[in-house]
Amino acid sequence: MQRPNLFGCGAAHIDRRARSFEPLRSGASNPGTLREEVGGGALNAARNAKRHGADVSLMSVRGGDMIGDLVGSSLDRWSIHDLSAVFLDRSTPSYTALLDHQGELVSAVADMALYDLAFAKQLRRRKIRDAIDAADAVLCDANMPTDALERLVQSAGERPVFAIAVSPGKVRRLEPVLPALSCLFMNRLETLALSGMSSLPQAMVALRNSGLRRGVITAGEADTIMFDDSGCYSLRPPRSDAVVDVTGAGDALAGAATAALISDCAFPEAVRRGIAASTLTIAAESCVADYDDQTFEVVLASVGAPQRFTEIGINR
């Protein structure tokens, strides 16, 4: 069976994660650990899509520094075709997260000015246009500015475009392209920020009215909500007793689910596969978990079947 071809576009940078050993005390020094590895929404999702059966190319922007070299080496190791632009006089973007003793995100700082500066222009390159033309689908993240997202969607034409919300602060960049998206992956805070609503039911109605055809909304250990033309459904993630680090969990869901969708998997089953990948990710120290097919199938079997979500008025 021929592997589908996915074009990824968005963040590929360095992730730094400081985790406290004890409950965090504000304004004080907290004992803990600091980890550093290559990450970024688009790159994390691309690596998960590659693991789950897609051939992947990735376009990002990075600096001509040691961190940029690490990003390039990661793409090589994963056999992801690197279409990124390298700016020798710039620093590679970074993301620094502060995690509590349970591995939950407390706050983060994103140093990503290069993304705002360079993405739109790089999408005009003939090499990039040719790569999009050769792809079966496109996956992007909201680390890209709105003008770049609009150009990417225009270049994609009739190809399905999948997007990752990234953060409540950046998700509204996606507003102009919502009707063009095949699916948007987001968490509850991002859903509320994008919709401007104060409750999830109101937010889902607003997003549907804005033209978004399909969406997946996560909430940690709570049910994942998904909606499409057939209505709204909830999926129960398996219980994880060993949350090591939540970084990359949403990207894992997006990458695995996208790979399944472009391989003609039904939407509910594709999201189940994404949840399984996300569950394995939060139990790993790395933002891209290392597991074999057998381990994945065991976790997949523990993901609940979709249940119709009747608390909202967009079900048929």
Hydrophobic clustering (ILVMFWY, side-chain heavy atoms < 4.5 Å, transitive) - are Phe87 and Leu117 grouped together? yes
Test question: given the 4.5 Å side-chain rule for I, L, V, M, F, W and Y, name all other residues clustered with Val86, or answer none. Leu88
Where Ala156 and Val138 come nearest, the two heavy atoms and their spacing: CB-CG2, 4.1 Å
Measuring from atom CG of Leu207 to atom CZ of Phe227, what distance do you get when rounded to the nearest 0.5 angstrom? 5.5 Å
Residues two or more places apart in sequence or in another chain: which of them pass side-chain hydrogen bond (donor to acceptor under 3.5 Å, both in side chains) with Arg236? Asp223
Evaluate Phe21 against Asn30 for side-chain contact (heavy atoms from CB on, under 4.5 Å), listing each step before the verdict. CA-CA 8 Å; Phe21 290 146; Asn30 294 271; over 6 Å; no
Please report the interatomic distance CD1(Ile132) to NZ(Lys127), rounded to the nearest 0.5 Å. 13.5 Å
With side chains defined as the heavy atoms from C-beta onward, is the minimum distance between Phe267 and Ser230 less than 4.5 Å? no
Output every pair passing salt bridge (Lys or Arg N to Asp or Glu O under 4.0 Å) with a member in residues 67-95, not counting sequence neighbours, ordered by first then second residue. Arg62-Asp82
CG (Leu184) and OG (Ser210) are apart, to the nearest 0.5 Å, by 11.0 Å
Considering all heavy atoms of both residues, which atom of Leu174 and which atom of Ala165 are nearest to each other, and what is their separation? CD1-CA, 4.2 Å
Within this structure, what is the CG-CD1 distance for the pair Asn143 and Ile164, rounded to the nearest 0.5 Å? 9.0 Å
Decide yes or no for Val271 and Tyr233: does some side-chain heavy atom of the first lie under 4.5 Å from some side-chain heavy atom of the second? no
With side chains defined as the heavy atoms from C-beta onward, is the minimum distance between Leu253 and Ile275 less than 4.5 Å? yes
Can you see which heavy atom on Cys9 is nearest to which on Leu58, and at what distance? N-CD1, 3.9 Å
Backbone N or O of Gly32 within a donor-acceptor pair of the Ser20 side chain at under 3.5 Å? no
Is the CG atom of Asp293 crowded by more than 12 outside heavy atoms at less than 6.0 Å? no
Contacts of Glu36 meeting side-chain hydrogen bond (donor to acceptor under 3.5 Å, both in side chains) (sequence neighbours excluded), chain-then-number -> Arg16
CA sep, side-chain torsions, deciding dist, call: Asp136, Gln2, side-chain contact (heavy atoms from CB on, under 4.5 Å): CA-CA 12 Å; Asp136 297 305; Gln2 185 174 359; over 6 Å; no
Are Phe162 and Val216 close enough that some pair of their side-chain heavy atoms sits under 4.5 Å apart? no
Aromatic rings Tyr291 and Phe296: how do their planes relate, parallel, tilted or perpendicular, breaks at 30° and 60°? parallel
Qualifying residues under side chain to side chain contact (heavy atoms under 4.5 Å, CB included), relative to Glu175, sequence neighbours excluded: Arg172, Leu194
Ser60 versus Tyr115, closest heavy-atom pair with distance: OG-CE2, 3.9 Å
More than 12 heavy atoms from other groups under 6.0 Å of CD on Gln294: no
To check you understand the geometry: which heavy-atom pair defines the closest contact between Ser155 and Asp133, and what is its length? O-OD1, 4.5 Å
Does Leu98 share a hydrophobic cluster with Tyr95, counting links as ILVMFWY side-chain heavy atoms below 4.5 Å and allowing steps through other members? no
Linking directly or through intermediates, with side-chain heavy atoms under 4.5 Å: list the remaining ILVMFWY members grouped with Val109, chain and number order. none
Do Asn44 and Asp15 have side chains that approach each other closer than 4.5 Å (heavy atoms only, starting at C-beta)? yes
Exceeds 12 heavy-atom contacts within 6.0 angstrom, atom CZ of Arg126: no
Whether Arg272 side chain and Leu300 backbone form a donor-acceptor pair below 3.5 Å: yes
Restricting to side chain to side chain contact (heavy atoms under 4.5 Å, CB included), what partner residues turn up for Pro145, sequence neighbours left out? Asp116, Phe119, Asp147, Ala148
Please answer: with hydrophobic residues joined when any side-chain heavy atoms are less than 4.5 Å apart, are Ile217 and Leu189 in the same cluster? no
Establish whether Leu192 and Ile225 are linked, either directly or via other cluster members, by ILVMFWY side-chain heavy-atom contacts under 4.5 Å. no
Give the C-alpha distance, both sets of side-chain angles, the deciding distance and a yes or no for side-chain contact (heavy atoms from CB on, under 4.5 Å) between Val299 and Ser302. CA-CA 5 Å; Val299 176; Ser302 67; 4.2 Å; yes
Would a 4.5 Å heavy-atom cut-off, applied to side chains only, mark Phe185 and Thr258 as touching? yes
State, with a plain yes or no, whether a side-chain heavy atom of Leu75 is found less than 4.5 Å away from one of Leu43. yes
Polar side chain donor-acceptor pair, Gln154 to Arg151, under 3.5 angstrom: no
Would you please name every residue forming a side-chain hydrogen bond (donor to acceptor under 3.5 Å, both in side chains) with Arg159, sequence neighbours left out? none
Show me the pairs that pass salt bridge (Lys or Arg N to Asp or Glu O under 4.0 Å) and involve residues 41-56, at least two apart or across chains. Arg3-Asp55, Lys50-Asp55, Arg51-Asp290
Quick one: side-chain hydrogen bond (donor to acceptor under 3.5 Å, both in side chains) partners of Asn209, sequence neighbours excluded? none
Nearest atoms (heavy-atom pairs only) where Pro93 meets Val61: CD-O, 4.1 Å
Return the CG to OG distance between Leu200 and Ser195, rounded to the nearest 0.5 Å. 8.5 Å
Looking at side-chain heavy atoms only, is the closest gap between Thr224 and Pro237 below 4.5 Å? yes
Can you confirm whether the side chains of Ser182 and Arg214 place a donor and an acceptor under 3.5 Å from each other? yes
Measuring from atom OG of Ser94 to atom CD1 of Ile14, what distance do you get when rounded to the nearest 0.5 angstrom? 8.5 Å
Start with the C-alpha distance between Val177 and Glu150, add both sets of side-chain angles, then the distance that settles side-chain contact (heavy atoms from CB on, under 4.5 Å), and finish with yes or no. CA-CA 6 Å; Val177 300; Glu150 291 175 319; 3.9 Å; yes
Ala260: partners by side chain to side chain contact (heavy atoms under 4.5 Å, CB included), with sequence neighbours left out: Cys265, Ala270, Arg273
What I want to find out is whether Glu190 reaches Lys170 closely enough, with some N-O distance under 4.0 Å, to be called a salt bridge. no
Can you name the side chain to side chain contact (heavy atoms under 4.5 Å, CB included) partners of Ala222, sequence neighbours left out? Ala219
